Amino acid sequence: MRRDIRQALGDLDADPDVLEDLLLAASEAMNNAVEHAQRPSRPEVSLRVQVGGGLIRISVRDFGTWRDRRPAMDRGRGALLMNAYGDVRLLSTAEGTTVTIERRLA
């Protein structure tokens, strides 16, 4: 996934640190989708990368219902990391959950 995002964003004249931040945030979103989606209607996770208007938008979607997890001392920092590196929106429906991360190019 990281390789694919790097390739998709490779021609942009963007700060390399911004791109690395987005890669980390997208990885956390993907990990959460794989770990938390229960009883998926489709056994997959989709990734969408959009660039326009000075923004990079990365969306990660699963097709299951959310599974809560007991808190643990060594886990549970994914949402914190995603929010540190972009503006994050979460949309959860009966058909799945989509996490969208946006960041300005400059």
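No experiment lies behind these values; they were computed from the predicted model shown.
Between atom CD1 of residue Ile58 and atom CG of residue Leu22 there is a gap of 4.5 Å, rounded to the nearest 0.5 Å.
Between Gly86 and Arg103 the shortest heavy-atom distance is CA-CD, 4.4 Å. Of all heavy-atom pairs between Arg104 and Gly53, the closest is NH1-O, 3.4 Å. Residue Val88 comes nearest to Ile101 through the heavy atom pair CG2-CG1, 4.2 Å, listed as atom of the first residue, atom of the second, then distance. Counting all heavy atoms, side chain and backbone alike, Ala26 lies closest to Val60 at O-CG2, 4.3 Å.
Considering only heavy atoms from C-beta on, Leu19 comes within 4.5 Å of Ile56 through its side chain.
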Atom pairs and distances, donor-acceptor, side-chain atoms in residues 5-14, under 3.5 Å, two or more places apart:
from	atom 1	to	atom 2	distance (Å)
Arg6	NH1	Glu20	OE2	2.7

Report all side-chain donor-acceptor pairs from residues 90-99 shorter than 3.5 Å, counting only partners two or more places apart or in another chain.
from	atom 1	to	atom 2	distance (Å)
Ser92	OG	Thr97	OG1	3.1
Thr93	OG1	Glu95	N	3.1
Thr93	OG1	Glu95	OE1	3.3
Thr93	OG1	Gly96	O	3.3

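Residues satisfying the side chain to side chain contact (heavy atoms under 4.5 Å, CB included) test with Ser46, not counting sequence neighbours, are Arg61, Phe63.
Around atom CZ of Arg2, more than 12 heavy atoms belonging to other residues, nucleotides or ligands sit under 6.0 Å away.
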